[in-house]
There are 2 protein chains.
Amino acid sequence: MGMPQVESVFRILADKNRTRMVKLLGENELTVGELERSLGLSQSATSQHLKLLNDAGLVVCRKHGNFRIYSLRKEALQKAMRYFDSLWDEGLNKMKTKLEHGKG
Amino acid sequence: MGMPQVESVFRILADKNRTRMVKLLGENELTVGELERSLGLSQSATSQHLKLLNDAGLVVCRKHGNFRIYSLRKEALQKAMRYFDSLWDEGLNKMKTKLEHGKG
DNA sequence: TATTAATATTAGATATTTTTAATATAATGA
DNA sequence: TCATTATATTAAAAATATCTAATATTAATA
């Protein structure tokens, strides 16, 4: 129940540009260049943010020719959310875990 | 749907000492001194972290003599969590909102 | 192979956060 | 009132995070 990896999720989501990335990637998978243009960030900054998201296990990428297509790992966010819940309400957390299992 | 206040919740929880505080306060309300000792932080650092938690609306405090007793505002965390969900899954978020209403 | 396009990596500059140290405030009790 | 205890506030130092600029890598294409 240590969940060391999950702590870092909050650090990742603490940055506004990264929450915007997560939001965009929640809708569609996107290339680095598409994210760069959507967010108005430099190429370098975009790559660096993606690296953090990737290291935290929140995204994966696959190659397509010269491009890298990033997509969100929703299960990682789900896991982080469950830990988040457990910080303040163990009981509700259990109910939701059940619900999620019933669904997925 | 802007939820500007909620963005800051991630910034608050990005710090390990503050997540520990949230966890401790999820179990019991505590004085500054108790938190200080539990966390092994200085008095000043403890107060400053509490100020951030308080400004984000995650805790409240009441006076008792010379002491200040802090307690967690679970509804604020609940609200933040719902926003968190919406970043990646609108549908599941709606199900959970319903569940929470049914419960609380 | 040389060139271009897309992305990654690195180093250093800048900005932000966190801690420490000192001081201030507020309540209590002698 | 004076001293003490609990906490808050402030400024500066220390630690981290983020951005920019330069360079590297990788794949496609001429």
Side-chain angles (χ1 to χ4, degrees), chain A residues 4-25 28-73 80 87, chain B residues 4-25 28-73 80 87:
Chain A
Q5 200 174 358
V6 163
E7 293 259 331
S8 71
V9 171
F10 295 127
R11 212 165 304 133
I12 298 306
L13 294 176
D15 183 87
K16 197 184 179 185
N17 287 324
R18 286 192 296 266
T19 58
R20 291 170 70 206
M21 279 187 173
V22 167
K23 203 159 195 169
L24 288 168
L25 291 171
N28 289 304
E29 49 183 25
L30 293 167
T31 66
V32 180
E34 287 169 330
L35 283 166
E36 184 185 333
R37 284 181 291 277
S38 293
L39 300 170
L41 288 174
S42 71
Q43 186 271 308
S44 178
T46 306
S47 274
Q48 287 175 76
H49 284 305
L50 283 167
K51 181 167 175 33
L52 291 175
L53 287 169
N54 190 62
D55 290 352
L58 296 182
V59 299
V60 287
C61 89
R62 63 178 204 280
K63 293 187 188 179
H64 181 66
N66 227 351
F67 298 82
R68 302 215 178 173
I69 304 178
Y70 280 84
S71 48
L72 199 60
R73 286 192 59 224
L87 285 179
Chain B
Q5 199 173 1
V6 164
E7 293 259 331
S8 73
V9 170
F10 295 128
R11 212 165 304 134
I12 298 307
L13 294 175
D15 183 88
K16 197 183 180 185
N17 288 323
R18 286 193 295 268
T19 58
R20 292 170 68 206
M21 280 189 172
V22 167
K23 202 157 195 168
L24 289 167
L25 291 171
N28 288 303
E29 48 181 26
L30 294 166
T31 67
V32 179
E34 287 169 330
L35 282 166
E36 184 185 332
R37 286 182 290 279
S38 293
L39 299 171
L41 288 174
S42 71
Q43 185 270 308
S44 178
T46 306
S47 275
Q48 288 176 79
H49 284 305
L50 283 167
K51 182 169 175 31
L52 290 176
L53 287 169
N54 190 63
D55 289 352
L58 297 181
V59 299
V60 287
C61 90
R62 63 178 205 278
K63 292 186 189 180
H64 181 66
N66 226 351
F67 297 82
R68 302 214 178 174
I69 304 178
Y70 280 84
S71 49
L72 199 60
R73 287 193 58 223
L87 285 180

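Just the heavy atoms: all of them, side chains too, but no hydrogens, waters or symmetry mates, feed the values below. Quick note on labels: first sequence line is chain A, next is B, and so on, each numbered from 1.
Proximity note for B:Gln48 (side chain, C-beta onward) versus C:dT19, D:dC19, C:dA27: the nearest is C:dT19. The side chain of A:Arg68 lies closest to C:dA8 when the candidates are C:dT17, C:dA8, C:dT18.
Nearest heavy-atom pair, A:Thr46 versus A:Val32, reported as atom, atom and distance to 0.1 Å: CG2-O, 3.8 Å. The minimum heavy-atom distance linking A:Asp15 with A:Asn17 is given by the pair OD2-N, 2.9 Å. A pairwise comparison of heavy atoms in A:Arg73 and A:Gly57 identifies NH1-O, 2.9 Å as the closest pair. Here the closest non-hydrogen pair linking A:Lys16 and A:Thr19 is O-OG1, 2.7 Å.
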Steps toward side chain to side chain contact (heavy atoms under 4.5 Å, CB included) verdict (A:Leu25, A:Ser71): CA-CA 6 Å; A:Leu25 291 171; A:Ser71 48; 5.8 Å; no
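Taking for each of B:Lys51 and A:His49 the nucleotide of DNA chain D with the nearest heavy atom, the 5'-most of the two is the partner of B:Lys51.
Using a 4.0 Å cut-off on heavy atoms, the residues of residues 34-45 of chain B that approach DNA chain D are B:Gln43, B:Ser44, listed by number.
For the atom pair A:Glu36 CD and A:Leu50 CG, the distance stands at 10.0 Å (nearest 0.5 Å).
Judged by distance alone, with hydrogens and angles left aside, B:Asn66 brings a side-chain donor or acceptor within reach of the base of D:dT5, the pair sitting under 3.5 Å.
Using a 4.0 Å cut-off, no side-chain N or O of B:Tyr70 falls inside it from OP1 or OP2 of D:dA6.
Residue A:Thr31 is classed as a sugar-phosphate contact, given heavy-atom separations below 4.0 Å to backbone atoms only.
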